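Here the structure is laid out as structure tokens; the discussion comes afterwards.
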Amino acid sequence: MRINYTPWPEKDAEEFKSKGFWIDKELTDILCRQSGQRPESPAIISEDVTLSYRQLESYSDRLASYLSQRGLEAGDTALVQLPNDYPFYVVYFALLKLGVVPVNALFNHNKDELFHYADQLRPTLIIGDSTQALFSDSTFTDSLQQDLDLSFTLLIDGDRERSLRDTWLSDNDNEKSFPERQATPNEVAFFQLSGGSTGTPKLIPRTHNDYYYSIRQSVEVCQWDSDTRYLCALPAAHNFSLSSPGGLGVLYAGGTLILAKDPSPSTCFPLIEQHHVNWTALVPPAAILWLNAADNKAALASLRYLQVGGAKLSANLARRVEVELNVTLQQVFGMAEGLVNYTRLNDDAWTRHNTQGRPMSEADKVIVVDENNQPVSIGEEGLLTTSGPYTFRGYFNADAHNSHAFTEEGFYCSGDRVIQTETGHLIVVGRDKDQINKGGEKIAAEEIENHLLSHPDVFDAAVVSMPDDLLGERICAFVIAQPNGTTLKPVTLNKFMRGKHLADYKYPDRYELVDTFPKTKVGKVDKKSLRSQVEEKLASHKSSSRTSV
Ligand code: AMP
Ligand code: DBH
């Protein structure tokens, strides 16, 4: 099956090739070049396992051969959910080698998200990890298979079927017995996930050519090489930690990728010390936890650069990160849809602390526009629109949404409110999309509202962000009960929502039961006003608890 996606116009594609942005190679080239150049160098360290480039290549060959024997072939799709452990990359490369196109769910995604992805992609194959809650009991995968009429599920350490780990650990003379196929660098390599702002999570088709360019260019901007020792503490599948430059960037550069199960100081500090990590990436709340782990900073002696992105970092925290952790900060403002901005390693302190970086490529086009799609001046606030050699042209199977996610010129409207400086750096000042950014985790308000509306006693629901010292934002759900819905209480709603099996970060942190919603002039729910309402409540609560102490 050929996966349907919106390609770049022929003219643009030709330009990207002639300028050397697209090199007509598949992402498997990342591993192939290094397993040739430095076969015995350590590629991945995860707990007590160290894989060399040669091993990573041969493990993924063996897995690809096994999957091919089981009937998988180019054009099939897969739903994968794996934690931060080396099998994530073995599976990633094995599927690329076969031309099987996966979506990699984040490991905090729950049943609801996985059902949605599977529903959209109709995967031939599901791969999970039996040590993770969802895949530890077979009822979930059985129901997924039955409901969606999917083929089969494989587990890293399964007992029901041959465990996947055995396929690559067994000494197999016939390591590479899957069909050679013609490279298709303009086709979709895998689907990235969007935080989204609509009712259903959206899938982002990423082609070999575009994604490979974003990785190579990221490596260039960050000046990574074989001495880079990068700690991946955010979920491996996230666009930030996969490609900015992330796990794939280290492998491209020939460095060493060290995997952490989570970004807490207690997990990461010993790994940094033990493996002489010199780069890592965090979201702002994790950076705050690192700042607070004051007693153990000697462990960070080898760390030179700390990337922070996914959500806005305040200038004050930016300064503290550099001073207190003794690192150079790199702000990263990216999106799974494409465009990634970095502060440069030699940017001055003001730029590093106050901006979210500038586009990584000379070929990125960024136009900041007003509500009528007219460009605003440098220094003025507006909406970010962008196009370029690694910014996608359409969500998968979402024509209606695509028709307003892009301008007529094919620029993606990211929904971010930004100011562009004289130097081309961007300062993120707000958001025009109906989304909550809870410390880097994006939540589409509409998705949560739809779940609330399915409660029989809920008449209407409006979900907005509320400020939070650690996470930046949390979720507040304003709810109007049905006229006769007498017993509606926050605890009831909370219990009801938990039954929806959503990713943990999506549950509202606060419920406000109200009689009406404020409306804008055109009769829409005035979310700005709801945000101020809850903000005021929180502020007065804070000051009253302060006076009562
Ligand atoms: P997604 O589309 O789910 O990949 O999320 C990308 C969005 O995350 C961007 O459009 C921004 O809204 C937000 N984001 C990412 N990095 C930053 C950052 N450094 N500062 C502020 N917002 C960010
Ligand atoms: O938040 C993001 O999606 C993000 C942040 C930093 C991203 O996709 C990226 C870098 O590539």
Side-chain angles (χ1 to χ4, degrees), residues 104-106 109 113 191-198 201-204 206 210-211 213-215 217-219 221-222 232 234-249 280-287 306-315 317-318 321 329-343 352-361 364 366 383-386 388 390-392 395 401 405 412-419 425-444 447 465 471-473 503 505-506:
N104 296 294
L106 302 183
H109 283 154
E113 288 83 18
F191 287 95
Q192 206 26 294
L193 298 171
S194 159
S197 53
T198 62
K202 298 273 175 290
L203 299 179
I204 304 164
R206 299 296 306 245
D210 92 75
Y211 212 65
Y213 175 57
S214 83
I215 293 161
Q217 187 56 24
S218 294
V219 166
V221 165
C222 297
C232 175
L234 300 175
H238 193 286
N239 201 54
F240 186 9
S241 30
L242 189 63
S243 68
S244 298
L248 295 179
T280 191
L282 295 175
V283 288
L306 177 63
Q307 298 181 307
V308 181
K312 171 93 178 224
L313 183 71
S314 69
L317 279 175
V321 161
L329 169 72
Q330 181 181 55
Q331 297 218 34
V332 190
F333 163 36
M335 49 203 78
E337 287 82 355
L339 180 71
V340 181
N341 303 278
Y342 294 100
T343 53
R352 291 199 308 275
H353 299 161
N354 291 277
T355 80
Q356 278 62 60
R358 65 181 166 87
M360 68 161 141
S361 165
D364 283 317
V366 167
L383 296 163
L384 173 68
T385 69
T386 183
Y390 63 97
T391 293
F392 84 139
Y395 293 100
H401 183 60
Y412 168 59
C413 310
S414 83
D416 295 302
R417 296 193 73 81
V418 298
I419 293 173
H425 287 77
L426 298 171
I427 300 173
V428 180
V429 290
R431 201 178 313 131
D432 216 38
K433 51 189 164 189
D434 204 2
Q435 189 183 74
I436 294 116
N437 187 334
K438 196 168 173 180
E441 312 267 27
K442 325 297 185 311
I443 302 110
E447 187 184 332
S465 64
L471 297 178
E473 297 174 16
Y505 62 84
K506 290 186 181 170

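Each ligand, and each atom within it, is numbered from 1 in the order the structure gives. Here, residue 1 is the first one in the sequence, and each next residue gets the next number. Please read these numbers as outputs of a predicted model, since none were measured by experiment.
Using a distance-only test at 3.5 Å, with no hydrogens or angles considered, a donor-acceptor pair links the side chain of Arg206 to the main chain of Ala336. Panel note: side chain Gln330, backbone Thr343; a donor-acceptor pair is recorded below 3.5 Å. Formation of a donor-acceptor pair under 3.5 Å by the Asn341 side chain with backbone atoms of Gln356 is not found in this model. A donor-acceptor distance shorter than 3.5 angstrom exists from the side chain of Glu113 to the backbone of Ala503, with no hydrogens or angles considered.
Taking only nitrogen or oxygen atoms, main chain and side chain alike, Gly310 reaches within less than 3.5 Å of ligand 1. At under 3.5 Å, a nitrogen or oxygen of Gly195, whether backbone or side chain, sits near a nitrogen or oxygen of ligand 1. Geometrically, ligand 1 and Lys433 share a nitrogen or oxygen pair separated by less than 3.5 Å. Of the N or O atoms in Val332, one or more lie within a sub-3.5 Å distance of an N or O in ligand 1. At least one N/O-N/O distance between Glu337 and ligand 1 falls below 3.5 Å. Between Gln435 and ligand 1, a contact under 3.5 Å exists for no N or O pair. Looking at Met335 next to ligand 1, no N or O pair under 3.5 Å apart turns up.
Put simply, the side chain of Ile215 does not reach to within 4.5 Å of the side chain of Tyr390, judged on heavy atoms. Taking the side chain as every heavy atom from C-beta outward, Lys433 and Asp416 approach each other to under 4.5 Å.
Of the protein's non-hydrogen atoms, the one nearest atom 21 (C) of ligand 1 is Lys312 N, 3.3 Å. Atom 4 (O) of ligand 1 has its closest protein heavy atom at Ala336 N, 2.8 Å. For atom 10 (O) of ligand 1, the closest heavy atom belonging to the protein is Asp416 OD2, 2.6 Å.
Of all atoms in ligand 1, numbered sequentially from 1 with element shown, those under 4.0 Å from a heavy atom of Gly309 are 19 (N). Of all the atoms in ligand 1, the ones that sit under 4.0 Å from a non-hydrogen atom of Gly334 are 6 (C), 7 (C), 9 (C), 15 (C), 16 (N). Residue-ligand proximity, Gln356 to ligand 1, at heavy-atom distances under 4.0 Å covers atoms 19 (N), 20 (N).
Shortest non-hydrogen contact noted between Leu383 and Arg417 is CD2-NH1, 3.7 Å. Between Pro245 and Ser218, the closest heavy-atom pair is CG-O, 3.6 Å. Closest of all the heavy-atom pairs between Thr391 and Tyr412 is CG2-CB, 4.1 Å.
If you check each of Tyr342, Tyr412, Phe333 against atom 17 (C) of ligand 1, the one with the closest non-hydrogen atom is Phe333. When the heavy-atom distances from atom 22 (N) of ligand 1 to Ala311, Gly440, Pro201, Gly472 are ranked, the shortest goes to Ala311.
Ring-plane geometry between His109 and Tyr505 is classed as tilted, the angle between the planes lying from 30 to 60 degrees on a 0 to 90 degree scale. Using a 30° and 60° split on the angle between ring planes, Tyr395 and His401 fall in the tilted class, from 30° to 60°.
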Dump all N/O pairs between ligand 2 and the protein below 3.5 Å as a table: atom names plus distance, one pair per row.
{"residue": "ligand 2", "atom": "1 (O)", "partner": "Lys442", "partner atom": "NZ", "Å": "2.8"}
{"residue": "ligand 2", "atom": "8 (O)", "partner": "Asn239", "partner atom": "ND2", "Å": "3.2"}
{"residue": "ligand 2", "atom": "8 (O)", "partner": "Met335", "partner atom": "N", "Å": "3.3"}
{"residue": "ligand 2", "atom": "8 (O)", "partner": "Ala336", "partner atom": "N", "Å": "3.3"}
{"residue": "ligand 2", "atom": "11 (O)", "partner": "Asn239", "partner atom": "ND2", "Å": "3.0"}
{"residue": "ligand 2", "atom": "11 (O)", "partner": "Ser244", "partner atom": "OG", "Å": "2.8"}

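Residue-ligand proximity: Lys442 is placed with a non-hydrogen atom under 4.0 Å from ligand 1.
The side chain to side chain donor-acceptor pair (under 3.5 Å) with Glu473 is formed by just one residue from the set Lys312, Arg431, Gln435; it is Arg431. Results of the side chain to side chain donor-acceptor pair (under 3.5 Å) test with Ser194 over Lys442, Lys202, Glu337 single out Glu337 as the only residue that passes.
Distance CG/Leu313 to OG1/Thr355: 11.0 Å, rounded to 0.5 Å.
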